[in-house]
Structures are given as C-alpha cells and as structure tokens.
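First the structure, in the form of structure tokens, and then the observations on it.
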Amino acid sequence: MTQAVSLRGVCVALALMAGLGSVSSAASAADGTLKPGVLKVGVEVAYPPFESWQDNKIVGFDAELAQLLSQQMGLKLQLADTKFSGLILGLNADRHDTVISALYITPERTAQADAIPYADTGAYIMVRNDSTIEPKTEKDLCGVTVGLQQGTSWVKKLRELSDSYCKTSGKGAITVKEFPTAPETMQALLAGHVQAQVDIAGAVSMFAERSHGRVKITSPNTIYPQTLGIYVKKGNDALKASLTKALATLRQNGEYTALLKKYARYGITDTQAR
C-alpha cells in the first residue's frame with residue numbers, strides 16, 4: 001500500500017511539473033519572448049546618448065524606451081550588451097528577443113529581421129578642434145580620411161559617394177577607416193589617425209559635449225537622415241505585434257513624447273512627425 005501511494009505521488013508530481021512546463025511554454029509563445037515574462041533587449045552600450053554605462057547601470061534613450069515598452073507589455077526588462085555588428089546576428093541566434101540600439105532601417109537589415117519604426121535621426125560630421133578642414137556636408141568629405149564605426153550604414157554610403165561623385169569630379173577619394181566602437185573611432189580622431197568622424201547625431205553631440213573642447217561638429221544639419229527601427233526575428237509575429245501596440249500606447253499617453261523632449265538636443269525625433 002505504501003509503495004502504491006509513493007508511486008501515485010510521483011506520478012502526480014510529474015504531471016504537475018509537466019503542466020507547469022506547458023503553461024511556461026504557452027506563456028512564452030503568447031508574448032513571443034525566449035523566456036516567459038522577460039523581454040531581453042540587445043543593445044550596444046558604448047553608444048551614448050542611446051545607451052551607455054552610468055553607475056553600473058545602462059542608461060540612455062533606447063534604454064529608457066525599452067523600459068517603457070516592457071512595462072507597457074507587463075514584462076521584466078533585461079538588457080544584453082552586445083557588439084554592434086552582432087546585434088542582428090544575436091537576434092537570429094536567439095540570444096535576445098529584440099534589438100533597440102539606434103539601428104537604422106535598411107534593406108540589408110530588413111532582409112534579415114523585421115523592423116518597427118520608432119524614431120528619426122541622421123549623422124553629424126565631427127573633426128578635431130584644431131582641424132584645417134570643416135566639412136559641412138557629405139560631399140565635403142572627398143579627399144578626407146573618415147573614421148566610422150564598423151557595421152554602420154555610412155560605410156557603404158560613403159564608399160558609394162566616393163566612387164560616384166568624388167572620383168568622377170576629380171576631388172579625391174574618401175578613405176574609410178572602420179573601428180569596433182564609436183568611442184574607439186573618436187580616439188582615432190583625437191590621435192590624428194583619421195581627419196573626420198561620421199556617426200549618428202546623438203552620439204556625436206554627446207561626444208562633443210564631453211570632449212572638453214577637443215572636437216567640434218562641422219555639419220550644420222544632419223546628413224543621411226533615416227529612420228531607426230526596433231528589430232525582431234522574422235516570423236515572430238506575436239512579439240512584433242506586442243511591441244507595435246505598446247509603442248502606439250506610449251505615443252497616445254504622452255510618455256514617448258516626454259522621452260523625445262528629454263533627448264531633443266541630440267537630434268532624435270518621432271518618425272511619425274515626418
């Protein structure tokens with residue numbers, strides 16, 4: 001009799017565990033996340049003002065947006081620091097649920113993942129304060145050695161500009177040098193390894209503010225204006241729908257407007273305004 005009771009107890013326990021597993025899987029499937037109740041967001045933290053470390057905490061525009069979205073969705077936020085070039089790769093390898101890291105929406109990226117437009121911005125051109133050149137537009141970069149973060153959309157754009165305009169106009173080619181991160185690109189600029197740096201307006205504005213006068217922005221307006229996207233894995237319709245709905249709610253209740261206002265000086269605007 002004792003043995004029969006024990007076996008029955010084991011069976012009940014196993015059934016309960018199986019049931020919990022089913023509930024857990026169902027919850028994960030419902031919200032489209034890798035782990036039930038958690039929204040894991042891929043970001044490259046070395047990219048102020050969108051994301052950066054402050055007092056052992058990730059802060060910035062994207063970090064705050066991710067927090068607002070996760071709260072709206074009823075999920076716990078987990079930010080995953082990832083190299084810029086590995087953000088989409090990590091998404092498709094199931095290392096994170098989504099990417100919110102100042103990624104432009106480009107054909108190359110949307111071929112690999114789905115994107116939800118969330119903001120507009122462009123790039124600024126930055127040089128050392130003692131520079132003899134002051135490029136105001138991308139065409140002024142002909143004959144200039146330009147530092148860019150590896151994997152950014154401007155790598156291709158400037159190379160195409162160099163071939164289609166600079167060389168044919170006899171102005172000299174644009175020499176593109178790539179670096180792993182935006183801060184490393186700025187260090188190359190300060191060291192004189194490149195003559196100019198092109199990067200997203202918000203990051204350049206932040207670098208200029210913190211440089212103690214060592215660098216300056218020379219472009220009066222942003223170049224290559226584009227739309228930033230929240231990326232999700234192709235086929236993950238549940239998460240895409242949830243994020244789209246949460247963002248729409250934040251726009252309606254004024255929380256997103258307040259966030260944009262906070263970071264307005266960094267050239268970040270709502271894509272819906274355009």
Side-chain angles (χ1 to χ4, degrees), residues 31-33 37-82 84 87 91 96-106 109 113-124 152-153 182-183 199-210 217 221-222 224-232 239-274:
D31 58 32
T33 58
V38 177
L39 181 67
K40 189 174 183 181
V41 179
V43 295
E44 191 207 33
V45 181
Y47 211 61
F50 292 93
E51 39 268 323
S52 60
W53 289 107
Q54 182 177 309
D55 300 326
N56 295 318
K57 181 182 178 183
I58 300 174
V59 300
F61 180 84
D62 287 334
E64 290 187 46
L65 175 59
Q67 185 63 55
L68 290 172
L69 289 168
S70 61
Q71 288 174 349
Q72 190 62 44
M73 296 163 68
L75 301 173
K76 181 181 178 181
L77 176 64
Q78 181 180 345
L79 296 174
D81 188 8
T82 307
F84 189 86
L87 286 167
L91 177 65
H96 36 257
D97 297 300
T98 182
V99 173
I100 308 176
S101 193
L103 261 66
Y104 281 166
I105 296 177
T106 65
R109 288 176 184 148
D114 290 334
I116 304 164
Y118 73 99
D120 277 359
T121 191
Y124 278 147
T152 57
S153 63
D199 215 320
I200 201 163
V204 172
S205 298
M206 183 74 79
F207 291 152
E209 286 178 7
R210 297 178 177 180
I217 297 169
N221 302 303
T222 57
Y224 298 124
Q226 283 185 269
T227 298
L228 303 175
I230 299 169
Y231 282 86
V232 296
L239 182 57
K240 184 179 179 182
S242 296
L243 285 164
T244 301
K245 182 180 178 182
L247 182 58
T249 301
L250 293 175
R251 281 186 168 119
Q252 291 167 3
N253 66 19
E255 290 184 86
Y256 192 49
T257 301
L259 181 63
L260 285 165
K261 186 176 181 180
K262 180 179 177 180
Y263 288 90
R265 69 183 186 276
Y266 299 114
I268 307 169
T269 58
D270 192 345
T271 188
Q272 283 198 342
R274 181 163 62 97

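Every heavy atom of this structure was used, including side-chain atoms; hydrogens, water molecules and symmetry mates were not. Because the structure is a prediction, the values reported are computed rather than measured.
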Between Ala182 and Asp199, the two heavy atoms sitting closest are CB-OD2, 3.3 Å

When every non-hydrogen atom of Lys240 is compared with those of Thr244, the smallest separation belongs to O-OG1, 2.7 Å

Report the distance from atom [atom1] of [X] to atom [atom2] of [Y], rounding to the nearest 0.5 Å.
{"X": "Ser242", "Y": "Ile116", "atom1": "OG", "atom2": "CD1", "value": "9.0 Å"}
{"X": "Leu228", "Y": "Ile200", "atom1": "CG", "atom2": "CD1", "value": "5.0 Å"}
{"X": "Lys76", "Y": "Gln67", "atom1": "NZ", "atom2": "CD", "value": "11.0 Å"}
{"X": "Lys261", "Y": "Leu259", "atom1": "NZ", "atom2": "CG", "value": "12.5 Å"}
{"X": "Leu39", "Y": "Ser70", "atom1": "CG", "atom2": "OG", "value": "6.0 Å"}
{"X": "Phe84", "Y": "Thr152", "atom1": "CZ", "atom2": "OG1", "value": "6.5 Å"}

Indicate yes or no: at least one non-hydrogen side-chain atom of Tyr124 is less than 4.5 angstrom from one of Thr222.
yes

Q) So, do Pro225 and Asp120 sit near enough that their side-chain heavy atoms are less than 4.5 Å apart? A) no

Only residue of Thr227, Asp270, Thr271, Asp62 satisfying side-chain hydrogen bond (donor to acceptor under 3.5 Å, both in side chains) with Tyr118 is Asp62

> Can you say whether the rings of Tyr263 and Phe61 are parallel (under 30°), tilted (30 to 60°) or perpendicular (over 60°)?
Replying inline: perpendicular

